[in-house]
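Contents: one structure, followed by commentary.
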Amino acid sequence: MAERIALVDVNNFYVSCERVFDPSLDGRPVVVLSNNDGCVVARSQEAKDLGITTGAPFFQVKQFGQSHGMVVRSSNYELYGDMSARVMEVLSRFGTWQEVYSIDESFLGVQGNPEQLGELASRIRKAVALNVGVPVCVGVAPTKTLAKFANHVAKRNAHLDGVCSMDSMDPQLVERIQSRVPVTDLWGVGARTGTKLAGMGVSTIADLKAADATEIRKRFSVVLQRTVLELNSIACIPHNEERADKQQIMYSRSFSSPVTTIEGMVEVMSVYAQRGAARLLSDGLWATLLTVTAGTNRFSSGEASFPSLTIKLPSPTQDPILLARLAVAAMREIMHQGASYVRGGVVLSGLQPEAGQAMLGVFDEGGAETHVGDVLGAVKARFGNKSIGLGSGGLAVEPDWSMKREFSSPKFTTEWADIPIVRA
DNA sequence: TCTGGGGTCCTAGGACCC
DNA sequence: TCTGGGGTCCTAGGACCC
């Protein structure tokens, strides 16, 4: 009985979620766009086959795609978040431990002989398809890095039926594959490191596996050294089943049209700070640092500018009034007269649990304001995000910089009015 | 006309302390 | 004229991930 790690992820997750509720999308090229309908962030296999790349600006591929029958969706994070929770719940039944790694990926602790591991991987796949309706691939190996690699192999070889368990593979075959796959396809090796490695004659996974781990650490970092060890079946990336405590909360968006006035950015900061405060409240956290950022268009000619300012909060807080006021004041300080901003953001960091502050709160003059935050949060939870807000954050009408979502599907699973009706 | 958002971890270097 | 060494904490920046 060997201890192994399975990496399960959903194929083309956002597209697969859309397909569950609209089967007419099956077999067609489908893309899902980023916020503001800016870039392509997810593609169906058919869209990949058309040559549409991740990150492609939508306006550049729109014409071409649509002339090939491509279907476009704006991102529907309410739907994807809910579908993700369902997938993770199903996966949790199969592991001795589970680490949810991203919205569509999870590591699982699994055990068994080679035959049992292969069967388990197939069962996982069937269970998710049956219970949630989305397709997954499963990679099983002794380390996280190799599990990611096995998953990569499962995805690229249709005859494997979405499953690859390294224990059942001929070692020579593994070696052959590793000597063909570029090192930058590996988890943890990006473009920068790839270039530097190429200069040392390391271009495939097999090359990196054969490299001297100590030397790699000297020239790169402990991160890449771990990758080398993991390729050699020495597990050294720890798993944290407990979600590590959040380090920061960021609310940052590009605008659907540029903001050029101080009043405009003041409005943005007020809204964004309140969104950030709402997340602090729901996570039970206080912030001690507040950063505001703005940015001009980095693609247009001329000097781009990205002003930002971090301030230390007078005391740990989650108070939306205080945060909005300080964010607005900070933005007034850094923004340039006459600049045309296409994005803005509020970052809350130096986070600490509110529980530790409960006793101090009694002596804290911010106590009354905090109460307002609770009320705001409760009203929003019950009547929706737009039901109440402070000052310029309480906008009854969408401002013209607010997000564009032209092709959104309904919130099939999280909104009563949007729940699909089935007639038999 | 139009180009995402939200994170993590590691390292180097400076400030400060004894 | 000589000008330590070890430690911690913080921050900025780099690299990576999905």
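A note on names: the letters A, B, ... follow the listed sequences, proteins ahead of strands, and every chain is numbered from 1. Everything numeric in this text was worked out from a predicted model, so none of it was measured. Worth knowing before you read on, the calculation uses all heavy atoms, side chains too, and leaves out hydrogens, waters and symmetry mates.
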Seminar exercise, completed: On DNA chain B, more 5' by nearest nucleotide between A:T54 and A:R226 is A:T54

Exercise. Is A:S75 touching bases, backbone alone, or none of the nucleic acid, heavy atoms closer than 4.0 Å?
Worked result: nothing

Problem set entry | Whole-Å distance separating the CD atom of A:E406 from the C1' atom of B:dC2 | 11 Å

Exercise. Is the shortest side-chain N/O distance from A:K312 to OP1 or OP2 of C:dC10 below 4.0 Å?
Worked result: no

For this session: Go through the steps to decide whether A:R73 and A:D22 satisfy the test salt bridge (Lys or Arg N to Asp or Glu O under 4.0 Å), and finish with yes or no.
Result: CA-CA 12 Å; A:R73 289 278 186 270; A:D22 186 353; 3.0 Å; yes

Problem set entry | Inter-residue atom distance A:S67.OG - A:L50.CG, 0.5 Å rounding | 8.5 Å

Exercise. Is A:R217 touching bases, backbone alone, or none of the nucleic acid, heavy atoms closer than 4.0 Å?
Worked result: nothing

Exercise. Base, sugar-phosphate, or nothing for A:K196, non-hydrogen atoms under 4.0 angstrom?
Worked result: nothing

Seminar exercise, completed: Taken to the nearest whole Å, CD1/A:I249 to P/B:dG5 is 18 Å

Exercise. Roughly how far apart are A:L280 CG and A:W286 CH2, rounded to 0.5 Å?
Worked result: 9.5 Å

For this session: Starting at atom CZ of A:F59, determine the distance to atom C1' of B:dG4, rounded to an integer number of angstrom.
Result: 14 Å

Exercise. How is the base pairing of DNA chain C summarised as a dot-bracket string, given the Watson-Crick and G-U wobble criteria with both distances under 3.5 Å, [ ] for crossing and | for another strand?
Worked result: ....||||||||||||||

For this session: Verify, without hydrogens or angle tests, whether A:T143 (side chain) and A:E230 (backbone) share a donor-acceptor contact under 3.5 angstrom.
Result: yes

For this session: Compute whether any side-chain donor of one residue and acceptor of the other, for A:D82 and A:T413, lie under 3.5 angstrom apart.
Result: yes

Problem set entry | Pairwise side-chain contact, A:F21 with A:M83, heavy-atom cut-off 4.5 Å (strictly under) | yes

Problem set entry | Atom-to-atom span, CE of A:M250 to P of B:dG4 - whole angstrom | 15 Å

Exercise. Looking across every strand, which nucleic acid part, if any, lies under 4.0 Å from A:A191 by heavy atom: base, sugar-phosphate, or nothing?
Worked result: sugar-phosphate

For this session: For A:Q248, report the nucleic acid contact type (base, sugar-phosphate, nothing); a contact means any heavy atom under 4.0 Å.
Result: base

Exercise. Heavy atoms under 4.0 Å, any strand shown: does A:V342 hit a base, just sugar-phosphate, or nothing?
Worked result: nothing

Exercise. Which part of the nucleic acid does A:I237 contact within heavy-atom distance under 4.0 Å: base, sugar-phosphate only, or nothing?
Worked result: nothing

Exercise. What nucleic acid atoms does A:L33 come within less than 4.0 Å of, heavy atoms only: base, sugar-phosphate, or nothing?
Worked result: nothing

Seminar exercise, completed: Distance col, row A:F255:CZ vs A:T260:OG1, nearest 0.5 angstrom, shows 11.0 Å

Exercise. Heavy atoms, side chains only, cut-off 4.5 Å: are A:Y80 and A:I103 in contact?
Worked result: yes

For this session: Under 4.0 Å between any heavy atoms, over every strand shown, what does A:F58 touch: base, sugar-phosphate, or nothing? Just pick one.
Result: nothing

For this session: Describe the nucleic acid contact of A:D104 in one word from base, sugar-phosphate, nothing, applying a heavy-atom distance below 4.0 Å.
Result: sugar-phosphate

Problem set entry | Which nucleotide in B:dC10, B:dT3, B:dG4 has an atom nearest any side-chain atom of A:Q60 | B:dT3

Exercise. Are A:N232 and A:K209 close enough that some pair of their side-chain heavy atoms sits under 4.5 Å apart?
Worked result: yes

For this session: For the side chain of A:F299, starting at C-beta, report the closest nucleotide among B:dT3, B:dG6, B:dT11.
Result: B:dT3

Exercise. Can you check the A:L280 CG to B:dG6 C1' distance for me, whole Å?
Worked result: 15 Å

For this session: Would you mind reading off the distance between A:L224 atom CG and C:dC17 atom C1', rounded to a whole angstrom?
Result: 15 Å

Seminar exercise, completed: Picking from B:dG4, B:dC9, C:dA15, the nucleotide nearest the side-chain atoms of A:R192 would be C:dA15

For this session: Specify the residue among A:N35 and A:V223 whose closest nucleotide of DNA chain B lies further upstream toward the 5′ end.
Result: A:N35

Problem set entry | Spacing of the P atoms in B:dT3 and C:dC18 (rounded, Å) | 25 Å

Problem set entry | A:W187 CH2 to C:dC16 C1', straight-line distance once rounded to whole Å | 11 Å

